[in-house]
There are 2 protein chains.
Amino acid sequence: MRTPSELTQLFREQGLKVTPQREAVFRALGGSVDHPTAESVHAAVTAEMPNVSLRTVYQVLNDLAGMGEIHALELGTGAARFDPNVDTHHHLVCTVCGKVRDVYVDPVAVPVSALGFTVDSAEVVFRGRCDDCAPVLH
Amino acid sequence: MRTPSELTQLFREQGLKVTPQREAVFRALGGSVDHPTAESVHAAVTAEMPNVSLRTVYQVLNDLAGMGEIHALELGTGAARFDPNVDTHHHLVCTVCGKVRDVYVDPVAVPVSALGFTVDSAEVVFRGRCDDCAPVLH
DNA sequence: ACTCTACCGACAATGATTGTTGATTGACAA
DNA sequence: TTGTCAATCAACAATCATTGTCGGTAGAGT
Ligand SMILES: [Mn+2]
Ligand SMILES: [Mn+2]
Ligand SMILES: [Zn+2]
Ligand SMILES: [Zn+2]
């Protein structure tokens, strides 16, 4: 995701207004490394600016995803997670606490043998337990 | 997934009754290669045996998944897909028509560098377009 | 033949997300 | 500076997949 000021410019170019609510979402996402849900983003935003509706947060997140500035991750953990890191990378998902971490794996071999299919993207999800949740080995 | 008759035995061992409804789900799954949704399984079952409720189909699918006989795939396409193939493999998902195909890729390099995380499983999802949905190149 | 699980129909409830509406505000172009 | 229209608000309703519940019935296994 670009910087808040670059996003400001981008939104203006698209004919979209730069409102305080949108700027607050920009900042909340920018300073996040934990793949927040819409609810988390909303919590972060309302901490600084109450009365911002969850509906509006969803709108902004969808706008940003539509512009390719963030990615929406469907990890099968209930709510979607939003990722401001759009560089090629993959994820470690803790099946206990739900935390999501970035991981950079060697490029996945695209199945050339998969005739009859044009691959656009590949995503790898590793599931397991983070250190906080790993069973204690006495 | 094992054969219907093996599943019959397994269910009996678990103290579960082998009802016609359960057998119908066994058969519907066994003869499927397209990763059906619960709704699809229900449709296949009611074709032979009307009055089987969707609720019951969900029950049987969850039972089978609990026993590790099938896998529930959360591919971010709305409904869960159920997979009777529990051998290690991965998936091609058509972003146009939603079809899901199996693909066997070289073992994904587990990120040894991911210190502080114990990996239990890795799943790879390739998204793209199947031949039926690929744009026609004149 | 008896018992108790499984199933039925018929709904209600869940949780994440989106739709809607009518009123108000405020960003930005003129 | 001002006028306009997009954006937002609160407050709900609706969606979709899935699960819960319940009273009544059927039938699988002993
Ligand atoms: Mn990430
Ligand atoms: Mn499969
Ligand atoms: Zn954890
Ligand atoms: Zn297709």
Side-chain angles (χ1 to χ4, degrees), chain A residues 4-5 7-26 28 35-43 45-46 48-67 70-83 98 100, chain B residues 4-5 7-26 28 35-43 45-46 48-67 70-83 98 100:
Chain A
S5 53
L7 290 177
T8 291
Q9 192 165 355
L10 177 64
F11 267 57
R12 291 234 173 84
E13 286 168 6
Q14 310 269 330
L16 300 174
K17 295 178 178 175
V18 177
T19 65
Q21 291 91 339
R22 283 175 170 162
E23 289 181 305
V25 173
F26 297 169
H35 309 82
T37 63
E39 292 272 6
S40 317
V41 174
H42 182 237
V45 165
T46 51
E48 303 268 330
M49 181 188 292
N51 300 336
V52 175
S53 73
L54 177 58
R55 192 71 184 79
T56 294
V57 171
Y58 270 111
Q59 291 285 8
V60 182
L61 292 172
N62 286 340
D63 289 344
L64 287 171
M67 299 173 189
I70 63 177
H71 284 167
L73 308 179
E74 306 282 352
L75 299 173
T77 55
R81 318 286 298 238
F82 295 89
D83 196 343
V100 178
Chain B
S5 53
L7 290 177
T8 291
Q9 192 165 355
L10 178 64
F11 268 57
R12 291 235 174 84
E13 286 168 6
Q14 310 272 328
L16 300 175
K17 295 180 177 174
V18 177
T19 65
Q21 291 90 339
R22 282 174 171 163
E23 288 180 309
V25 172
F26 296 168
H35 308 82
T37 63
E39 292 271 6
S40 316
V41 174
H42 182 237
V45 165
T46 51
E48 304 268 331
M49 180 188 290
N51 300 337
V52 175
S53 74
L54 178 58
R55 192 70 184 80
T56 295
V57 171
Y58 270 111
Q59 291 285 9
V60 182
L61 292 172
N62 286 340
D63 288 344
L64 288 170
M67 299 173 188
I70 63 177
H71 284 166
L73 308 178
E74 306 282 351
L75 298 172
T77 56
R81 316 288 296 239
F82 294 89
D83 196 344
V100 179

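A quick note: this is a predicted structure, and the numbers were derived from the prediction, not measured.
- A donor-acceptor pair under 3.5 Å is absent between the side-chain atoms of B/Thr46 and the main chain of B/Met49, judged by distance alone.
- Between B/Tyr58 and B/Phe82, a ring centre-to-centre spacing not shorter than 6.0 Å is recorded.
- Along DNA chain D, the nucleotide nearest to A/Thr56 and the one nearest to B/Gln59 differ in position, and the one closer to the 5' end is contacted by A/Thr56.
- Summarising the geometry, the separation between CD on B/Glu13 and C1' on D/dG29 is reported as 15 Å, rounded to the nearest angstrom.
- A sub-4.0 Å separation between OP1 or OP2 of D/dT19 and a side-chain N or O of B/Tyr58 is absent.
- Between the side chains of B/Thr56 and B/Ser53, a donor-acceptor pair is found at a separation under 3.5 Å.
- Using a 4.0 Å heavy-atom criterion, one finds that A/Leu54 contacts no nucleic acid atom at all.
- Nearer to the 5' terminus of DNA chain C, by closest-nucleotide assignment, is the contact made by B/Lys17 (compared with the other of B/Pro50 and B/Lys17).
- Using a 4.0 Å cut-off, some side-chain N or O of A/Ser53 falls inside it from OP1 or OP2 of D/dC9.
- With rounding to whole Å, B/Glu39 atom CD is found 10 Å from D/dT18 atom C1'.
- A/Arg55 contributes a side-chain N or O that forms a donor-acceptor pair with the base of C/dG19 under 3.5 Å.
- Spacing between atom CG of A/Asn51 and atom C1' of D/dC9 amounts to 8 Å, rounded to whole angstrom units.
- A/His42 places its NE2 atom 14 Å from the C1' atom of C/dA16, with the value rounded to the nearest Å.
- Put simply, the side chain of A/Arg12 never gets that close to the backbone of A/Val18: no donor and acceptor are under 3.5 Å apart.
- As rounded to whole Å, 11 Å separates atom P of D/dT8 from atom CD of A/Glu23.
- For a distance-only test at 3.5 Å, the side chain of B/Arg12 fails to qualify as a donor-acceptor partner of the base of D/dG29.
- Using modelled atom types, one finds no donor on one side chain facing an acceptor on the other under 3.5 Å when comparing A/Thr8 with A/Ser5.
- Rounded to the nearest 0.5 angstrom, A/Leu7 CG and A/Leu16 CG are separated by 11.5 Å.
- Contact between the side-chain N/O atoms of B/Thr19 and the OP1/OP2 oxygens of C/dA6 is not found at any separation under 4.0 Å.
- When the nucleotides C/dC28, D/dA28, D/dT8 are ranked by their closest atom to the side chain of B/Pro20, D/dA28 comes out on top.
- The CG-C1' distance, from A/Leu73 to C/dA16, rounds to 16 Å in whole Å.
- Between B/Arg22 atom CZ and C/dC7 atom C1' there is a gap of 9 Å when expressed in whole angstrom units.
- With a 6.0 Å radius and a threshold of 12 heavy atoms from other residues, nucleotides or ligands, B/Gln14 has its CD atom above the threshold.
- Sorted by residue number, the list of members of residues 74-82 of chain A with any non-hydrogen atom under 4.0 Å from DNA chain D is empty.
- Between the side chains of B/Asp83 and B/His35, at least one donor N or O lies within less than 3.5 Å of an accepting N or O.
- Here D/dT18 is the nucleotide among C/dC28, D/dT18, D/dT8 with the atom lying nearest to any side-chain atom of B/Ala38.
- Residue A/Gln14 contributes atom CD, which lies 14 Å from atom P of C/dA29 at whole-angstrom precision.
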